[in-house]
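Here it is, the structure in full.
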Amino acid sequence: MAEIMFWEAVLRAHDEELANDPMVLVMGEDVGVVGGTYKATLGLYDKYGEERVIDTPISENGFTGLGIGASFLGARPIIEIMSVNFAWLAMDQIFNTAAKVRYMSGGQLEAPVVIRSPGGTAHQLGSQHSARMEKVFMGIAGLRVVTPSNPRQAYGLLKSAVRCNDPVFINEHELMYNMKGEMPEEEYFHPLEGSEIVRPGRDVTLFGYNISVHWCLQAADLLSKHHGIEAEVIDLYALSPLDRAGIRDSVTRTHRAVIVEEAEPMVGVGAEVMAIINEECFFELDAAPVRVSALNVPIPYNHALEKTALPDANDVVEVVRTMFGV
Amino acid sequence: MKVADKKRLLREMLFARRFEERCYEAYVERNIGGFLHLYPGEEACAHGVLEAAEMDGDYVITSYRDHVHAIKWGADPREVMAELYAKETGVSKGRGGSMHIFDVNNRFMGGYALVGGPFPLAAGIAKAIQMKQGKEICICFLGDAANNQGTFHESLNMAKLWNLPVLYVCENNLYGIGTRIDRSTAVVEQYKRVSAYNIPSAQEDGQDVEKVYKAATKAIKHVRSGKGPYFLELMTYRYRGHSMSDSNAYRARAEERMWSKRDPIIMLRDRLVGDGHLTKEEYTDMDTEILDEIENEVIAFASESPEPQVSEVERYVLAENDPWVRGGVQ
Ligand SMILES: Cc1ncc(C[n+]2csc(CCOP(=O)(O)OP(=O)(O)O)c2C)c(N)n1
Ligand SMILES: [Mg+2]
């Protein structure tokens, strides 16, 4: 296995899928000549041409709708939204068309589009470039939501998403594009449902997704080293549908749960996982589940304020210590 | 246009009129629920344009005012009515309703409820046609008020930029619900607005089906030749309120009377009668036959059809048994 960077993994998936099917196309702002804001489409414009690697005007709702319309006739568009904050402008087409067209046509039409976007908080980009919106996409029937935490997932999830006949939203992270990780040499398709146990443990489950998986892993190391607490870390790479069985099984093993999300707590992944725990395995619990979330504020510019607004591994350690009274 | 074609168009438009009027009654009888937007007065628009298009080739997409476009594009009127009756036998299996008529086999790509929503979808359909190097085009019908949405401008820009084979037809009935066009729109003549995108356009009398046909033939020829999009504005009028929940109080009765003198069906009928191709009796017989067909076949089919199974409410949300959900494992 070779080590590659996250952006290289996304690029490889794009490249292979463009080569595999002439109806695959890539579209978005600066995905062509520039090669993508985070290099996810670097070189593809030269390789596949401007009709399949399309630099779009800055018209998020328009080009997303255009991609959806093309998908009605068998095109497989991969739509890059430069930053998830701009996806608000495309919500009409994503929610009102892509997510609903199969249903309201009685199964006659489908919209097999992939919409991918960096959707985390980077450093000091200010309130309008720091939103986390995965919770918004999760709340919509008819849409799949996945979020990779490493290059292997980034590659395999995109490959499966392109071939899947449902609309799939892929939530990436600005700070993760240069992250390195192991990558299989051979072609690989990651499941779009389920979850992964990235660190087994017996005392408490830490649920993370995307960047928060890494905070969970750091916290698990610290908890093991300093407090003898063995945390299990579950990677919820599929946010919709969520892996009910995986959540239940882990909590049934550890009897304690902490959900770690980069977003604000309101109506979020943490709330949703807690509801699943209540519904699936409430009587297995030895302690009330806790979520570690951002503060309920627009993300500030000032570095210290920004850091305070966001959760990190230390916050996870603290809530687990409180949970165990150590 | 051949006389036989004119007579067929007359019959089709009269059928559309009677179909919509019967929908009105069915709504009052509570057999149709939800929002219901009717088309009487505007028949020449859909019929004239689609008469000039290629059936089983070209794609059609429109708004919520969609029954007549679907039927003209091949949908079985019985299945359209069954959809309005929320039946499993409806075109969209009772999941869509009046505003979401879909008949994909006939390339009727649907009715959509968000004003302006279909603009980019039509451009996308055209993009896929272009990728496949097809000779088909996509025809998108929308109202005048939809042109104030961002999607109008975004889609026209992309359609011209990439010379996509799409014909935008603006059915200008002068109102968006109760707001008259000059109260919502700085440039009232819609065909002028697209010149900002270098898209050729024309304005035509939307009450005269022959004129619409002629203008559409020219527009379609342009689009099919690979020269990119075209915009056709048709001046028309809806007789009823915007939807069944609209009292229509905002329009002057004199204005309504003026438009009713230019009824698309009566105008074509009188022309055929005047030219000696049709008698008044033949027309009356045709009408009786249509009313019979609507009652005995269309309404009967819709009434007698079964409702969807409640146990199937969660079908069609996601693809069924898609192997890629499991990473390609069967
Ligand atoms: C995005 C959006 N905004 C508002 C509405 C409510 N609405 C439905 S139809 C309509 C008027 C549209 O008028 P026009 O485009 O001229 O079409 P017409 O109904 O006259 O055929 C409005 C405001 C809607 N359905 N979608
Ligand atoms: Mg109107």
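Just so it is clear: chains get the letters A, B, ... in the order the sequence lines come, proteins before strands, and each one is counted from 1. Please read all numbers here as calculations on a predicted model, not as lab measurements.
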- Most chain A-contacting option - heavy-atom pairs closer than 4.5 Å, from B:Asp322, B:Ile61, B:Asn105: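 Of B:Asp322, B:Ile61, B:Asn105, B:Asp322 has the most heavy-atom pairs under 4.5 Å with chain A.
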
- Task: Kindly indicate whether the side chain of A:Asn96, heavy atoms from C-beta on, has any atom under 4.5 Å from the side chain of B:Tyr112.
- Result: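 Side-chain contact under 4.5 Å: no.
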
- Item | Criterion side-chain contact (heavy atoms from CB on, under 4.5 Å) on B:Lys127 and A:Leu66, from CA distance to verdict | CA-CA 8 Å; B:Lys127 168 71 186 172; A:Leu66 190 147; 4.0 Å; yes

- Message: Taking side chain as everything from C-beta outward and backbone as N, CA, C, O, which of these in A:Gln93 sits under 4.5 Å from a heavy atom of chain B? Side chain, backbone, both or neither.
- Response: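 Interface part for A:Gln93: side chain.
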
- Taking A:Leu192, A:Leu73, A:Val168 one by one, which has the highest count of heavy-atom pairs under 4.5 Å against chain B?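 Top count of heavy-atom pairs under 4.5 Å with chain B: A:Leu73.
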
- Task: Name the region of B:Leu318, side chain, backbone, both or neither, that has any atom closer than 4.5 Å to a heavy atom of chain A.
- Result: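 For B:Leu318, the contact with chain A is made by backbone and side chain together.
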
- Message: As an exercise: rank B:Ala319, B:Ala128, B:Gly328 by heavy-atom pairs under 4.5 Å with chain A and give me the winner.
- Response: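 Sorted descending by pairs with chain A, the first entry is B:Ala319.
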
- Under 4.5 Å from any heavy atom of chain B - which part of A:Asn61: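 Contact with chain B: backbone and side chain both.
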
- salt bridge (Lys or Arg N to Asp or Glu O under 4.0 Å) partners of A:Glu182, counting only residues at least two apart: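 Testing A:Glu182 for salt bridge (Lys or Arg N to Asp or Glu O under 4.0 Å), a comparison that skips the adjacent residues, returns none.
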
- Query: Which one, B:Met131, B:Arg326, B:Gln130, leads in non-hydrogen pairs under 4.5 Å with chain A?
  - Reply: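 The candidate making the most pairs under 4.5 Å is B:Met131.
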
- Item | chain A-proximal positions within residues 135-157 of chain B [heavy-atom distance under 4.5 Å] |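 Against chain A, the residues of residues 135-157 of chain B that fall inside the cut-off (heavy atoms, under 4.5 Å) are B:Thr151, B:Glu154, B:Asn157.
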
- Task: Apply ring pair (Phe, Tyr, Trp, His ring centres under 6.0 Å) to B:Tyr39 and list each qualifying residue two or more places apart in sequence or on a separate chain.
- Result: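 Scan of B:Tyr39 (ring pair (Phe, Tyr, Trp, His ring centres under 6.0 Å), adjacent residues dropped) gives B:His69.
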
- Query: Roughly how far, to the nearest 0.5 Å, is the CG atom of B:Leu121 from the CZ atom of A:Phe72?
  - Reply: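 Here the interatomic distance stands at 5.0 Å.
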
- Query: Are there residues of residues 89-104 of chain B that reach to under 4.5 Å of chain A by heavy atoms, and which ones?
  - Reply: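 Under the 4.5 Å heavy-atom cut-off, B:Val91, B:Ser92, B:Lys93, B:Arg95, B:Gly96, B:His100, B:Phe102, B:Asp103, B:Val104 qualify.
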
- Which bit of A:Pro22 is near chain B, if near means a heavy-atom gap under 4.5 Å: side chain, backbone, both or neither?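 The backbone, not the side chain.
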
- Among A:Met23, A:Lys159, A:His190, A:Glu51, which has the most heavy-atom pairs under 4.5 Å with chain B?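 Sorted descending by pairs with chain B, the first entry is A:Met23.
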
- Message: Heavy-atom pairs under 4.5 Å with chain B: which of A:Gly62, A:Ser105, A:Pro77, A:Gly142 has the most?
- Response: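 The option with the most such pairs is A:Ser105.
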
- Heavy-atom closest pair, residues A:Ser160 and B:Gly327: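 Where A:Ser160 meets B:Gly327 most closely, the heavy atoms are OG-CA, 3.8 Å.
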
- Does CD in A:Gln128 sit with more than 12 non-hydrogen atoms of other residues, nucleotides or ligands closer than 6.0 Å?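 Counting other residues, nucleotides and ligands, CD of A:Gln128 stays at 12 neighbours or fewer.
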
- Message: Can you tell me which portion of A:Thr56 sits under 4.5 Å from chain B's heavy atoms? Options are side chain, backbone, both or neither.
- Response: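 Answer is both: backbone and side chain atoms of A:Thr56 are under 4.5 Å from chain B.
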
- Task: Show your reasoning for whether side-chain contact (heavy atoms from CB on, under 4.5 Å) applies to B:Trp324 and A:Asp166.
- Result: CA-CA 10 Å; B:Trp324 301 105; A:Asp166 294 319; over 6 Å; no

- Which atoms of A:Thr97 approach chain B - backbone, side chain, both or neither, heavy atom under 4.5 Å: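 Answer is side chain: those atoms of A:Thr97 sit under 4.5 Å from chain B.
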
- Please indicate whether A:Glu50 has more than 12 foreign heavy atoms, meaning atoms of other residues, nucleotides or ligands, lying under 6.0 Å from its CD.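 No, not enclosed.
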
- Message: Please classify the contact of A:Leu89 with chain B as side chain, backbone, both or neither, using a heavy-atom distance under 4.5 Å.
- Response: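 Nothing of A:Leu89, per the 4.5 Å heavy-atom cut-off to chain B.
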
- Message: Could you measure the distance from the CD1 atom of A:Ile54 to the CG atom of B:Leu161? Nearest 0.5 Å is fine.
- Response: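 CG of B:Leu161 is found 10.0 Å from CD1 of A:Ile54.
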
- Contacting moiety of A:Tyr188, where chain B heavy atoms sit under 4.5 Å: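 Answer is neither: A:Tyr188 stays 4.5 Å or more from chain B.
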
- Task: Below 4.5 Å from any heavy atom of chain A, which atoms of B:Val313 appear? Answer side chain, backbone, both or neither.
- Result: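 The answer is both parts of B:Val313.
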
- Report yes if some heavy atom in the side chain of A:Cys164 is under 4.5 Å from a heavy atom in the side chain of B:Val325; otherwise report no.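 Side chain of A:Cys164 against side chain of B:Val325, heavy atoms only: contact under 4.5 Å found.
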
- Item | Per-residue contact mode, A:Asn165 against chain B (heavy atom under 4.5 angstrom) |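 Backbone plus side chain of A:Asn165, per the 4.5 Å heavy-atom cut-off to chain B.
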
- Between A:Tyr103 and B:Tyr316, what is the ring plane arrangement, given parallel below 30°, perpendicular above 60°, and tilted in between?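 Answer is perpendicular, since the angle exceeds 60°.
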
- Task: Could you look at B:Arg107 and say if it's the side chain, the backbone, both or neither that has a heavy atom under 4.5 Å from chain A?
- Result: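 No part of it gets close to chain A.
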
